[in-house]
Engineer: 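Once you've had a glance at the structure underneath, I'll fire off some questions.
Proteins come first, then strands; the chains are lettered A, B, ... in the order of their sequence lines, and each starts at number 1. These figures come from a predicted structure and were not determined experimentally.
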Amino acid sequence: MPRPTTSKHAAAPSVSSLLADLNPEQRDAVTTKGGPLLVLAGAGSGKTRVITVRIAWLMGQRVAPRALLAMTFTNKAAREMKERVAALVGGDAAKEVTVGTFHAFCAKLLRLRGAPVGVPPNFAICDSADQQSALKAALRELRVAEAKLSPGTLQSRISLAKNRLLSRNDALALAKEPVDHLVVRAWQKYDEQLARSRTLDFDDLLLKTLALLREHDATRRELSDRFQQVMVDEYQDTNRPQYEIVRELAGRHQNLAVVGDDDQSIYGWRGADVTKILHFERDFPGAKVVRLETNYRSTVPILDAANRVIVNNPHRHGKTLRSALGDGDAVVYKRVDDEMAEAEFVAREIADRVRGGQASWRDHAALVRTATQPRALETALRGRSIPYVLVGGMSFFDRKEVRDVLAYLRLVANPDDEVSLLRAIHCPPRGVGQATLDKALAFATSEGITVGRAFDRADAIAGLQASAVHAMHEFRAKLHALGAQAPGRDLATWLHRLLKEVDYRAEVDRTYPDAKTREERWQGVEELANFAENHARRAESPTLQSFLEAVTLSQDDETQDDDEHGKDAVTVMTLHSAKGLEFPRVYLVGVEEGILPHARAVAENTVEEERRLMYVGITRAQRHLTVLCVRSRARYGQRGECMPSRFMYEMRGEAPPKGWKACGA
DNA sequence: GGATGTGAAGTTTTT
DNA sequence: CTTCACATCC
């Protein structure tokens with residue numbers, strides 16, 4: 001691959017000095033312009049820097065900003081990339097570059113061009129909670145006991161099938177056991193409801209986009225002509241539909257640069273397909289591969305431990321991290337009696353460090369494998385009055401009051417939205433109960449109309465009480481009137497009017513008898529209003545729909561971010577949510593057989609992914625790493641003996657002692 | 001239509 | 001040992 005030389009169209013001075021600051025591999029990754037490129041970016045190797053400088057460099061090479069496309073998986077990554085590109089090339093040029101998550105990109109495209117694949121421009125997007133409700137309804141309709149097929153299982157089975165690009169018919173052909181047939185039937189009901197509601201789920205956004213690109217030549221041609229340079233961040237997290245979309249978009253110019261680390265692929269269980277990064281050179285013949293192995297984050301002992309663990313995975317692009325920082329403190333290994341002792345140890349140690357003036361609270365993180373582990377840690381931290389933030393758990397957008405209000409908003413934006421109607425009608429209760437709803441649903445099905453329309457024709461439904469009919473009409477009229485006021489910049493004012501109209505305060509008062517929680521919950525509603533206010537102020541042309549889309553596609557909220565970055569506090573979080581972050585001092589807790597690797601992963605033969613999780617955990621640490629395990633742990637109410645994790649021995653380069661037993665053995 | 005009790009299950013989480 | 005979802009009763 002020819003290395004471009006300095007030309008008369010030399011990059012802006014800032015860009016060339018940026019190039020000079022890169023190491024040779026990074027520079028190679030930035031300045032490889034033609035053909036497929038795989039950048040294997042080890043943990044802490046300056047990945048984001050490479051992508052952003054690459055974008056700036058390409059612009060310096062006279063590639064038009066609007067010919068650049070960069071795809072990410074999270075909004076946070078997209079936001080960060082936009083900001084950093086803007087800092088390099090200036091806001092005006094940066095605005096022209098297409099940077100976004102796969103889902104946001106697809107939503108925007110479908111909004112404008114979805115018609116050929118049957119997507120109406122005003123479609124709604126449902127998140128996974130709405131999806132669950134819809135699936136529950138489907139199971140109820142089929143009279144399937146949830147014991148036989150839980151909505152959760154159903155959801156992941158449908159999603160995994162879609163991820164494999166299987167149609168319902170394909171799934172039907174593959175069905176073996178009775179439950180497989182059940183899945184397909186529920187899937188069909190679910191599809192019907194979504195179609196009636198003019199709604200797409202997250203997977204549909206990708207699948208419809210792929211269908212559009214494949215079936216509609218004009219759109220594919222236009223986009224693949226336009227995007228001369230396509231970049232994908234975190235390529236190891238790509239699923240099949242995303243891969244196919246990228247293939248189509250980069251089809252014309254074949255200038256596809258993907259950046260990722262197969263050793264940090266930890267989302268296989270939700271459809272991410274590591275083989276896509278492992279087989280990149282096969283999928284894109286002639287691809288150039290650049291390895292970024294210099295790590296700017298951690299000291300030698302930490303990286304040695306990381307390298308010793310990950311080398312045990314057989315299926316990977318071999319990489320060895322080298323520290324740019326040099327030597328440091330040895331990794332500390334500790335085995336204590338139980339999870340209380342473990343939490344105490346962590347809390348005491350953190351308190352000592354901070355009191356000794358060697359570190360502040362925010363320098364520390366305790367990383368766990370499962371959601372139940374933080375409990376003991378929280379107790380110990382509270383006991384010492386150590387400020388901490390628990391990342392993850394219930395998101396702002398999962399809170400009941402927020403979901404309730406969003407249901408109202410969705411319903412105003414899209415009166416055909418069944419899931420939202422069925423939720424809003426009870427919040428607060430307004431004289432339309434389950435029995436009435438069942439009749440309305442049956443009527444809607446037999447007439448081939450949506451539940452909303454059935455409400456309008458409540459007179460025609462047999463066996464309803466006059467009061468119920470009246471309530472249904474009133475409910476529809478109220479929302480219709482609110483919809484007629486079509487909010488724009490006045491979104492927040494309008495939202496308050498809506499809350500008053502539907503008397504949402506009554507729902508909060510009813511649900512929370514305690515005055516204090518009541519106030520807290522109402523605070524959640526106010527926060528949503530603030531969010532709306534912000535959106536209305538910042539968006540180019542704010543509408544109710546644009547607000548809903550922003551909310552649905554960005555579950556990682558900024559209110560949370562403010563707290564986490566602003567506050568001086570210890571971070572407690574799962575290994576999954578720690579990916580991409582770094583801390584001077586890290587504690588890995590519960591590193592035992594059965595926890596990490598998790599017992600279920602051992603049973604399902606996915607220990608390799610658990611090892612990557614361990615690797616991610618180790619490589620979060622900048623200067624100090626402490627790895628802990630316990631002798632006994634309470635699980636499901638019972639206390640049981642625990643063996644140190646196999647990873648404990650791997651990272652030390654030791655064989656497990658006699659008498660050690662692997663989980664599942 | 002809402003409150004109270006019983007039963008089963010119990011990794012990871014973003015879009 | 002919890003938690004959460006469902007069913008039953010008022």
Side-chain angles (χ1 to χ4, degrees), chain A residues 71-78 100-107 125-132 136 139-140 145-147 150-153 155-156 159 162-163 200-206 209 234 237-239 241-242 265-272 367-373 375 391-395 397-398 425-437 465 467-468 471 510-511 513 549-557 573-580 590 594-604 606 609-610 612-614 616-617 633-639:
Chain A
M71 298 279 220
T72 68
F73 282 82
T74 65
N75 293 295
K76 197 175 152 208
T101 65
F102 274 98
H103 294 269
F105 176 85
C106 292
I125 302 167
C126 73
D127 64 20
S128 50
D130 302 322
Q131 205 181 352
Q132 281 244 350
K136 272 185 196 165
L139 287 173
R140 225 181 17 241
E146 287 190 8
S150 78
T153 310
Q155 184 176 31
S156 67
S159 179
K162 286 181 176 179
N163 272 308
L200 300 183
D201 65 25
F202 288 137
D203 295 321
D204 294 337
L205 288 175
L206 303 174
T209 299
E234 304 279 14
D237 289 337
T238 311
N239 66 21
Q242 288 162 334
S265 166
I266 55 174
Y267 287 110
W269 51 274
R270 66 177 200 216
L367 307 183
V368 301
R369 170 70 239 261
T370 69
T372 51
Q373 285 172 270
R375 201 167 298 164
V391 180
M394 181 129 55
S395 126
F397 293 103
D398 283 337
I425 194 70
H426 296 299
C427 311
R430 48 172 65 74
V432 182
Q434 195 56 52
T436 306
L437 284 176
Q465 299 200 329
S467 63
R510 179 188 74 95
T511 321
E549 185 160 315
V551 166
T552 311
L553 291 181
S554 74
Q555 304 267 312
D556 74 316
D557 52 321
M573 65 178 153
T574 64
L575 289 161
H576 282 92
S577 30
K579 196 174 89 166
I595 299 280
L596 181 63
H598 196 274
R600 203 155 152 179
V602 173
E604 287 168 8
T606 53
E609 184 153 308
E610 299 291 299
R612 293 193 288 263
L613 214 37
M614 181 72 188
V616 166
R633 176 180 298 276
R635 295 187 79 187
Y636 309 143
Q638 293 208 352
R639 190 153 284 285

Engineer: Measuring only the P atom in each nucleotide, how far is C/dC4 from B/dT11? A whole number of Å is fine.
Structural biologist: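 Straight-line distance between the two P atoms is 14 Å.
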Engineer: What contact category does A/V432 fall into here, base, sugar-phosphate, or nothing, at under 4.0 angstrom with non-hydrogen atoms?
Structural biologist: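 The answer is sugar-phosphate, as A/V432 gets under 4.0 Å only of primed atoms, P, OP1 or OP2.
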Engineer: Looking across every strand, which nucleic acid part, if any, lies under 4.0 Å from A/R369 by heavy atom: base, sugar-phosphate, or nothing?
Structural biologist: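 Base contact.
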Engineer: Which one, B/dT13, B/dT15, B/dG2, comes nearest to the side chain of A/P429?
Structural biologist: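 Within the option list, the nearest is B/dG2.
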Engineer: Rounded to the Å, how far apart are A/D204 CG and B/dT14 P?
Structural biologist: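 The answer, rounded to whole Å, is 20 Å.
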Engineer: Quick check for you: among B/dT15, C/dC6, B/dT14, whose closest atom lies nearest to any side-chain atom of A/F202?
Structural biologist: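 Closest of the options to the side chain of A/F202: B/dT15.
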Engineer: Applying side chain to side chain contact (heavy atoms under 4.5 Å, CB included) between A/Q373 and each of A/L596, A/V368, A/T574, A/L367, report the one that passes.
Structural biologist: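 For A/Q373, the side chain to side chain contact (heavy atoms under 4.5 Å, CB included) check succeeds only for A/V368.
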Engineer: Return the nearest nucleotide to the side chain of A/R600; candidates are B/dT11, B/dT15, B/dT13.
Structural biologist: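 Nearest to the side chain of A/R600 among the choices is B/dT11.
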Engineer: From C-beta outward on A/W269, which listed nucleotide comes closest to its side chain: B/dT13, B/dT11, C/dC6?
Structural biologist: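 Within the option list, the nearest is B/dT13.
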Engineer: Both A/G431 and A/H576 contact DNA chain B. Taking the nearest nucleotide for each, which residue is further toward the 5' end?
Structural biologist: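 The residue whose closest nucleotide sits nearer the 5' end is A/G431.
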Engineer: Pick base, sugar-phosphate or nothing for A/E610, based on heavy-atom distances below 4.0 Å to the nucleic acid.
Structural biologist: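 The answer is base, as A/E610 lies within the cut-off (heavy atoms under 4.0 Å) of a base atom.
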Engineer: Inspect the surroundings of CD in A/E604 and state if more than 12 heavy atoms from other residues, nucleotides or ligands are less than 6.0 Å away.
Structural biologist: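 Yes, because the 6.0 Å sphere around CD of A/E604 holds more than 12 heavy atoms from other groups.
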Engineer: Quick one: label A/Q373 by what it contacts on the DNA or RNA (base, sugar-phosphate, nothing), any heavy atom closer than 4.0 Å.
Structural biologist: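 Here A/Q373 touches no strand at all.
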Engineer: Which label fits A/H576 and A/Y267: parallel for a plane angle under 30°, tilted from 30 to 60°, or perpendicular past 60°?
Structural biologist: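 Rings of A/H576 and A/Y267: tilted, 30 to 60°.
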Engineer: Looking across every strand, which nucleic acid part, if any, lies under 4.0 Å from A/A601 by heavy atom: base, sugar-phosphate, or nothing?
Structural biologist: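 The answer is base, as A/A601 lies within the cut-off (heavy atoms under 4.0 Å) of a base atom.
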Engineer: Does the plane of the ring in A/F73 sit parallel, tilted or perpendicular to the ring in A/F102? Use 30° and 60° as the thresholds.
Structural biologist: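 Answer is tilted, since the angle falls between 30° and 60°.
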Engineer: Rounded to whole Å, please give me the gap between NE2 in A/H598 and C1' in B/dT11.
Structural biologist: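 These atoms are roughly 5 Å apart.
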Engineer: How long is the straight-line distance from CG of A/D203 back to OG of A/S128, given to the nearest 0.5 Å?
Structural biologist: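 Between atom OG of A/S128 and atom CG of A/D203 there are 10.0 Å.
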Engineer: Considering just the side-chain nitrogens and oxygens of A/T574, establish if one lies under 4.0 Å of OP1 or OP2 belonging to B/dT13.
Structural biologist: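 Yes, within the criterion.
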Engineer: Take atom CD1 of A/I266 and atom C1' of B/dT14, then tell me their distance rounded to the nearest Å.
Structural biologist: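 Checked: the CD1 to C1' distance equals 11 Å.
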Engineer: Tell me the interatomic distance from A/N239, atom CG, to B/dT13, atom P, rounded to whole angstroms.
Structural biologist: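 Rounding to the nearest Å, CG of A/N239 and P of B/dT13 are 19 Å apart.
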Engineer: Is there a side-chain contact between A/N75 and the phosphate of B/dT14, meaning an N or O under 4.0 Å from OP1 or OP2?
Structural biologist: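 No, A/N75 has no side-chain N/O under 4.0 Å of OP1/OP2 on B/dT14.
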Engineer: Expressed as a whole number of Å, how far does the C1' atom of B/dT14 sit from that of C/dT3?
Structural biologist: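 That atom pair is separated by 24 Å.
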Engineer: Working to the nearest 0.5 Å, report the span between CZ of A/R635 and CD1 of A/I595.
Structural biologist: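 With rounding to 0.5 Å, CZ (A/R635) is 4.5 Å from CD1 (A/I595).
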Engineer: For A/I595 and B/dG10, what is the distance between atoms CD1 and P respectively, to the nearest whole Å?
Structural biologist: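 Whole-Å distance recorded here is 15 Å.
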Engineer: Going by ring centres under 5.5 Å and near-parallel planes (under 30°), is A/Y267 stacked on B/dT13?
Structural biologist: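 Here the ring of A/Y267 and the base of B/dT13 are not stacked, as the 5.5 Å and 30° limits are not both satisfied.
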Engineer: Find the distance A/D237:CG to B/dT12:C1' and express it as a whole number of Å.
Structural biologist: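 Nearest whole value for this atom pair: 13 Å.
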Engineer: In whole Å, what is the span from the CE atom of A/M573 to the C1' atom of B/dT13?
Structural biologist: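 After rounding, the gap between these two atoms is 14 Å.
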Engineer: What is the separation between atom CZ on A/R633 and atom P on B/dG10, rounded to the nearest whole Å?
Structural biologist: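 Taking atom P of B/dG10 as the reference, CZ of A/R633 is at 19 Å.
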Engineer: Pick the nucleotide of DNA chain B nearest each of A/H103 and A/H426; which residue has the one closer to the 5' end?
Structural biologist: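 Whichever sits nearer the 5' end wins; that is A/H426.
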